[in-house]
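One structure below.
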Amino acid sequence: MSERELDYELVKRVQAGEKAAFDLLVRKYQSRIISLVSRMVKDQMEVEDVAQEAFIKAYRGLANFRGDSAFYTWLYRIAINTAKNYLVSRHRKASMMGVDAQDAEQYDGADLLQDHDTPEDLLVSEEVRGSVHNSIETLPVELKTAITLREFEGLSYEEIAEVMECPIGTVRSRIFRAREAIENNLKALAGE
Amino acid sequence: MTVLNEKLEQISALLDGELESAQSTIDYLLQNEQARDAWQSMQLTKDIAHNSIERQASAGFSAGIMSALEDEPSILVPEARRSVVAAKKSSATVLPFLRPVAGLAVAATVAAVTIFSFDNLGAGQPQLPGSALATVVPSLAPAVVPVAFTGTYDSSDRTYWQGSDEGMQDELNRYLVDHTEHSNPGGYQSMVPYVRVAGYDNKK
């Protein structure tokens, strides 16, 4: 089952009344959607609210999702539209508060559509990213090779098995063990 | 390897789109909070490795959404329901040795129904004397000009008429053949009325 098929399977579960399957879709795409929204919305306090609204809109629209496009593409569009609507409503509010549209460049809300990175967020992100890459570097060679071929070269399990001259089951196990080790390092970083 | 580790390994493969039969793993994920946490953190690791995120979701982000959706009605798309039920059924564990046994049981049932149906064809058939029936035929069709016909109705082996007048004999036998499908042998309604059985003087 490919990733797209998996998403569609989860969508079908939601469409069949299994609401909990939507939780799996949220958990899978939450960080990507939040990152997307954070590139559009400056106020980082609002980012999660906008992302949450996008997910809720997606849930409400799932009854009409037919799988013509990938679920993520569809969700991505909803998130962009939700962020745009949020920015428009913010702009309207700002206008009503007496900010002249011609002074928009000086106004704090004018650059809402530009990309933004909060330094603090980036710092955390770099630290986390560094931890992931360091974890991979320190893995035993079999695990490191398997996870590198998968995540950075995008090889399938079958192709990795061919390269590493081992059964597919071994590849699956090595990739899992590599992920487990990386996750443990991330947990240590987060102080859990 | 523990059961949990085996399940987590399946979840890892599922996220990579490399698990063939995913239904049971999805079911497990839906029932197990710890498995869902693992699903989330494995996805996060993948996203970070791919540089596809700049910001993580705060803890409890998904829980907030699911709580906001609590009052939302569940979606029910009939096609999806059918599809999910079918997928679950096909992935349901069936003991392998039971499959041929189940096949044999179905075959035996069909054979039994067929045999008993055909048995009814002859068992309940009243053995009428040939002459009695010969006199009845014209009275059933008064519009037909009565014709003297001396012959016997033989139902011992095959059902057919035998007589001196070959033309009449052929006509009566054709009548029998044409109306075989309407017969209700033995008084039992079975599948036989829907099967066309035509036996016509194969001794000739």
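Chain letters run A, B, ... following the sequence lines, proteins first, then strands; residues in each count from 1. Keep in mind the model is a prediction, meaning the values are calculated, not measured.
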Salt bridge present between Arg150(A) and Glu159(A) (N-O < 4.0 angstrom):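 Not counted as a salt bridge, because no side-chain N and carboxylate O are separated by less than 4.0 Å.
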
Exercise: do Gln169(B) and Arg174(B) side chains pair donor with acceptor under 3.5 Å: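 Side chains of Gln169(B) and Arg174(B): no pair found under 3.5 Å.
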
Polar contact flag, side-chain donor to acceptor under 3.5 angstrom, Asp47(B)-Gln43(B):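 Note: Asp47(B) and Gln43(B) side chains meet the donor-acceptor criterion.
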
May I ask you to name which of [options] has the most heavy-atom pairs under 4.5 Å with chain B?
options                                : result
Glu183(A), Glu158(A), Glu48(A)         : Glu48(A)
Val47(A), Val171(A), Asn64(A)          : Val47(A)
Arg172(A), Glu9(A), Glu3(A), His133(A) : Arg172(A)

From CA spacing to verdict: salt bridge (Lys or Arg N to Asp or Glu O under 4.0 Å), Asp27(B), Arg13(A): CA-CA 10 Å; Asp27(B) 287 340; Arg13(A) 294 274 190 132; 2.7 Å; yes

Contacts of residues 21-29 of chain A with chain B (heavy atom under 4.5 Å):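 Near chain B, by residue number: Ala21(A), Phe22(A), Asp23(A), Leu24(A), Val26(A), Arg27(A), Lys28(A).
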
Tell me, out of [options], who's got the most heavy-atom pairs with chain A below 4.5 Å.
options                                : answer
Glu18(B), His50(B), Glu20(B), Gln10(B) : Glu18(B)
Ala68(B), Ser52(B), Gly64(B), Ser58(B) : Ser58(B)
Ala22(B), Ala38(B), Ser41(B)           : Ser41(B)
Leu15(B), Ile26(B), Thr45(B)           : Ile26(B)

Glu151(A) side chain vs Thr148(A) backbone, donor-acceptor pair below 3.5 Å: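 Looks like no, no N/O pair under 3.5 Å.
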
Heavy-atom proximity to chain A below 4.5 Å, by part of Leu14(B):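 When you check distances to chain A, atoms from both the backbone and side chain of Leu14(B) fall under 4.5 Å.
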
Which atoms of Ile65(B) approach chain A - backbone, side chain, both or neither, heavy atom under 4.5 Å: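 Both backbone and side chain.
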
Nearest-0.5 Å distance that lies between atom CD1 in Ile48(B) and atom OG in Ser31(A):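 Here the interatomic distance stands at 7.5 Å.
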
NZ-CE distance between Lys19(A) and Met66(B), expressed to the nearest 0.5 angstrom: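 The distance works out to 7.0 Å.
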
Atom of Arg179(A), atom of Ile147(A) and distance for their closest heavy-atom approach: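 Smallest heavy-atom distance, with atoms named: CG-CD1, 3.9 Å.
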
Heavy-atom closest contact (Ile78(A) atom, Ala54(A) atom, distance):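 Nearest heavy atoms, Ile78(A) then Ala54(A): CG2-O, 3.5 Å.
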
Quick one: what part of [X] sits under 4.5 Å from any heavy atom of chain B, side chain, backbone, both or neither?
X         : result
Ser135(A) : neither
Glu5(A)   : neither
Val132(A) : side chain

Sequence neighbours excluded - salt bridge (charged side-chain N to carboxylate O under 4.0 Å, His left out) pairs with any residue from residues 62-78 of chain B: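 Salt bridge (charged side-chain N to carboxylate O under 4.0 Å, His left out) check on residues 62-78 of chain B returns Arg60(A)-Glu72(B).
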
Arg32(A) charged N/C atom sitting above Tyr72(A) aromatic ring, 6.0 Å / 45°: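 Judged by the rule, Arg32(A) and Tyr72(A) form a cation-pi pair.
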
